[in-house]
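Below is one structure, written out as structure tokens; the observations come after it.
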Amino acid sequence: MTAIAPAADQGSDDAGQPALRVADLDVTYRVRGQSRLALKNVSFEIGRNESYGLVGESGSGKTTVALALTRYLPRNGRVSGGSIGIDGADPMRMGAHELRELRAHKVSMVYQEPGKALNPSMRVGRQVAEVYEVAGLSKSDAAERAAQMLGKVQIPDPKRVMERYPHELSGGMAQRVVIAMAIAAEPALLILDEPTTALDATVEAEVLDLIASLRAQLNTSVLFISHNLAVIAQMCDRVGVLYAGELVEEGPAAQLFAEPRHPYTVGLLRCIPRRGQRKDHGRLDSIPGFLPEPGHTLPGCIFAPRCPIAEDQCRHAPPPPFTTGERRTSRCYRYQHTADLPRNTPVDVELRAGPEPGTDPVITIRDLSKTFTPTGGPVQALRGVNLAVQRGETLGLVGESGSGKTTLARVLLGLTSPDPGATVEVAGQAIAKDAAHRTRQQLQAMQIVFQNPDSSLNRRHTVRQLISRPLTKLAGLSGPRLRERLMDLVRSVRLEERHLALRPRQLSGGLKQRVAIARAFGGGPAIVVCDEPTSALDVSVQAAILNLLADLQAKEQVTYLFISHDLGLVRYLSDRIVVLYLGRVMEVGPAERVFSGPHHPYTEALLSAVPSLDGTRRSRIRLSGEIPSAADPPSGCVFHTRCPRRLASGICESTEPPLAEAEPGHLISCHIPIDQLASLQGAEAVS
Amino acid sequence: MAIYLLRRLGLAVITLWLLSVIIFFAGQVLPGDPGRAILGPFAAQSAVINLDRQLGVDRPLITQYWTWISGAVHGDLGISYQYRTPVEPMLVSALANSAKLAVFALILIIPLGILGGVLAALYAGRAVDRIISLSGLSLATVPEFVSGIVVIVIFADGLKLLPASAYPGPGASFGTQLRYLILPVVPLVFEFFGYIARMARAGTIEALESDYARTATLKGLPRPVVIFRHVLRNSLLPTITVIATQVGYLIGGLVVVETLFNYPGVGRLIYNAAMSKDFPMLEAGVLTIGAIYMVATLIADLLNTGLNPRLRTGVAT
Amino acid sequence: MTDILEAPVTDVARAELPSWRLVMRRPGFIVGALILLFWIVCALFGSSFAPHSAYAQQLLATNQPPSAAHWFGTDQLGRDVFSRVLVGARSILLVAPLATLLGTVLGTALGLALGYIGGALDAIVGRLVEAVLAVPAVIVAFLFIVAVGASATTEILVIGFIFTPIIARTVRSAVQVESQLDYLAAARLIGESRRHVMFAEILPNVMPTVLVEFTVRLGYAIFTVATLAFLGFGVNPSTPSWGSDINANYGVIAAGYWWETLFPALAIASLVIAINLVADSIDRVLAG
């Protein structure tokens, strides 16, 4: 073991060598006897202490890159060309012993689900200490170093945490432990594969901060893989954009996002609502078409079939990497024309009446509480929620996981029964709590678009069956009228007639979600609940779905209850916002008022946790501590345990603040008066 | 933990009670007239009535059930129709004999099954895996008497290496007893090897593919450490439960093996009782088997709970 | 070499072809199906192409070893073992599939109800299922057969009823997995009846499980029928039946007449293995 350590030091002293050099990397998977190229000609370098971001949608091959670097490809995958150099050494040309040494000292990896990355039957401390044991330390020394390392990733009371098992840790805590393990050996290269995707926004922000501060302390280069452009923009010096296994564009992060030079990057960026962009300002753009089939080879540019500015040569010869600026390349013949790429979706908005002011609300909720009683004791998922929603309005529901967003939706729909005493009225009429007892008209009034179409569409039914069923059951149509309405719906969600005979597994994610939307609109609902309708989809598909939802609303005058963890989307689509925390409403108000503030300290924290693409970071207020358990909510204001603006008087700990009108139509549940909130939050924003 | 234990115990008792009702139904109610069943269709009606009274089966069903079950709870399992002696001592000595056979079988089955399964998982998709998986599956579904006959034909009849009967007679030495048990154990090993191997294989493959196994490998740990410390620790826990349920099914195999090899165990006792319509003996035997199964699964559950930190600390997620 | 040991074994892509074509491609399935087909032909037409009568006793030619005239030799009554093996396929291939079908239909219906409706019904029936499962199937079977007397119908009913809870348990857990999915909530929201949800929404999705369960149980049914026959609970001793032929002749193995039991034993083994090859192929293709 002692013979190894100097060799590792030697490597990191060698400043001339990049931490990672990937040259012309090809990776092939063998699937049912056929070879499929998953990565083609991928080349990039990461310098010492540099942070390099790899962005791409699902199927782009970004995880394959990480697996190839650690030589952990699935058995049917192999590196079929090119070379890898981690600190100058190629893992593909190593024996078992060298490979183990490389993994022990030079490269480590953190991946998406922290809970799964830890061995469930081993104490956390032992798992961290193992890294030091591999390096030759004695058990007690290793444990000592492990405790120090856990302290370094800002885990309070490391000695106690070391005694725990992984299932006793929260997601954020578990990811800190995994990061501690990954950096313990001070590797030359740290690979982070979607490290915060499974975490809540507030926790994500903390973990990202941690990674940034560790980078400053350690002599480690980072490969940061993510689908989230904003996270990459915030965390990385340079960025590479992967599309269908090819690196289509590369450059310094700020420049690349400000002036993209590849049509794919341009399209991707246009799919995301910019801060402050709203549905009535204009529609999001989208990228037409689909990813090429895996293994499908095109003679020319891989993006040509979806590219609005493709020319003949694009379809015949693959473009080489063009140098488009200092340290910038783009595999596009027409990179000079990307700035004025024509839009796929016209900007103009269909005329929208918006919520009808002064009319009776379409849905009214009073005193809604929901207590689940699992074996561990009662858990209050919702408490005392009162809401009224106007016709044609979009009400955005935001909050961390466990805040009660989905429970609220399920209770309204009659899928979960509320505690006694609650009333739900649709158009002034109280309706049954259980969907099974609702009349046809009541069922017709309220429908839902679920998060995951793979779950919400019966995979054994055809698209025709799926969309027709509500037309028969709820709208009572049959024969030619059914057919007519069916085709009408299919057209309005922009599906085609040929899709009708297909089953869900034959459709892409976006098309499946269109089927789910068509089904929800089939009965002519007054209210549609959208429960994270785009979070299972890629960015480019998400934009098209959001546009579709906006168009349908304008056309059908339907009310949306829009649930999302993505504040950007909520802001884009919503007229009013409800902020939930531990089942309680913290704040309700017009979207612009809630977002621009003054707002509840919790809303403030949620907003400041969101990374933004333009790099203009808001001053961050950090939430300390973990989300408390809903089974044992804190006394007084439930948010006081994490509140950065908690009052010294002790009132926050003792008394629950009422949800009071701070300004017309804007309700906040906080002991701090709104003008004081305004000055507090305004002051921070300036500094 | 204590609550879980009590709950688990309570459920086992309820299940056992239900089983007793089913057995009573099959043994006392379905045959209609036990006297007639025993004496045959040509016996005089008066003799049948006489026998029914003697057996107590002319009383109301509830009374009969109560007498039977309250006796069973106190260890009084009734009088054998066939031997006219209490059931209990015969059952106990048969159980002792079966236990020898079963323990011998389990000592072979458990390590072999786990080893086979783990090997198959480590070489998943390759020749070793195909051989272990397919032969395990085939052996498991061939009835014991078929494989029993094949080994008798080869080893007892053909090569004359081992006795075709399992019972050396009373007072034989341990070594002799073991020698006599070798052939009967083979069909039992065949029967259960495949199933346990299959479970161990599935669990191990799942653990091998897990993120935590990847974490361990990418830490640079040596392969044996990854396998033993990270993979097997997690993959073999569920196998324990499987083994316990198999202990129950092992007894089903004993009925056949003990009959084929002429071994005085509980399987042959139940079989003989069934052939001679000795219902008290049959009911007692079946109830005992059910109880053994219940205890085995209970122990497995407790072991599983005790060894699995996620269950031990009782965090409900 | 190291990569084989160090890499996970998952395939990246899932099945794309229709699954029955993938099943047909597996060598295990082809071998199993051919053997199964052979025994089905024997069960249907065995008596018309068997070289000898399966019943005719030749008391002057008892216990003859295998020869050109009697490929598998003759038994204690001088009957041709080869012909009895061919014709003997009938009894087992009549009882086992019908029993399995009965158990599968009842078990699937029960499993759907337990998994979807749940609640008290699930708790009560769940206990009952546990109680039946606590005793090996063979023992439960002969407990009932002794009680009501042996016949083909009894055997079908008893084995079918024993399989019902076992299949119900498997279907129930498959239904519970489905119950987590949102399409059931979507069905409730358009006012579908319970029956529609159970049979039109859930059933098609658990059919793969039911199919695998049917093939696996068929193997066990063969096992159980053969074992019952071997133990002497068979239908009729003179009817050719592998299990009862073994029962009748295993006593004379010691005298060296091994062919009288070995060939029926191998017939059982081949049938059971064939069914398992088919079951395993279907299972593997469905598992992806």
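A note on names: the letters A, B, ... follow the listed sequences, proteins ahead of strands, and every chain is numbered from 1.
- B/Tyr65 and B/Ser20 are linked by a side-chain donor-acceptor pair at a separation below 3.5 angstrom, with hydrogens and angles left out of the test.
- For A/Leu67, the part sitting under 4.5 Å from any heavy atom of chain B is the side chain, from C-beta outward, and nothing else.
- Among the candidates A/Ser108, A/Ala182, A/Pro120, A/Gly115, the residue making the largest number of heavy-atom pairs closer than 4.5 Å to chain B is A/Pro120.
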Checking side-chain contact (heavy atoms from CB on, under 4.5 Å) for the pair A/Met162/A/Ile155: CA distance, chi angles, key distance, verdict? CA-CA 10 Å; A/Met162 286 176 72; A/Ile155 286 179; over 6 Å; no

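- The residue among A/Lys116, A/Gln127, A/Met181 with the most heavy atom pairs within less than 4.5 Å of chain B is A/Lys116.
- Judged by the 6.0 Å and 45° rule, B/Lys100 forms no cation-pi pair with B/Phe104.
- Interface remark: A/Gln112 contributes no atoms to any contact with chain B (heavy atom separation under 4.5 Å).
- With a threshold of 4.5 angstrom between heavy atoms, A/Arg164 does not approach chain B through any atom at all.
- Salt-bridge formation is not detected for the pair A/Glu144/A/Lys139: no Lys NZ or Arg NE/NH1/NH2 atom is positioned less than 4.0 Å from an Asp or Glu carboxylate oxygen.
- Contact count versus chain A (heavy atoms, under 4.5 Å) is highest, among B/Ala216, B/Ala207, B/Pro222, for B/Pro222.
- The residues B/Asp129 and B/Arg201 are annotated as salt-bridged, a charged nitrogen and a carboxylate oxygen being separated by less than 4.0 angstrom.
- In this structure, chain B has no heavy atom under 4.5 Å from any part of A/Val178.
- Of the charged side-chain nitrogens involved, at least one lies within less than 4.0 Å of a carboxylate oxygen, so that B/Arg229 and A/Glu130 count as a salt-bridged pair.
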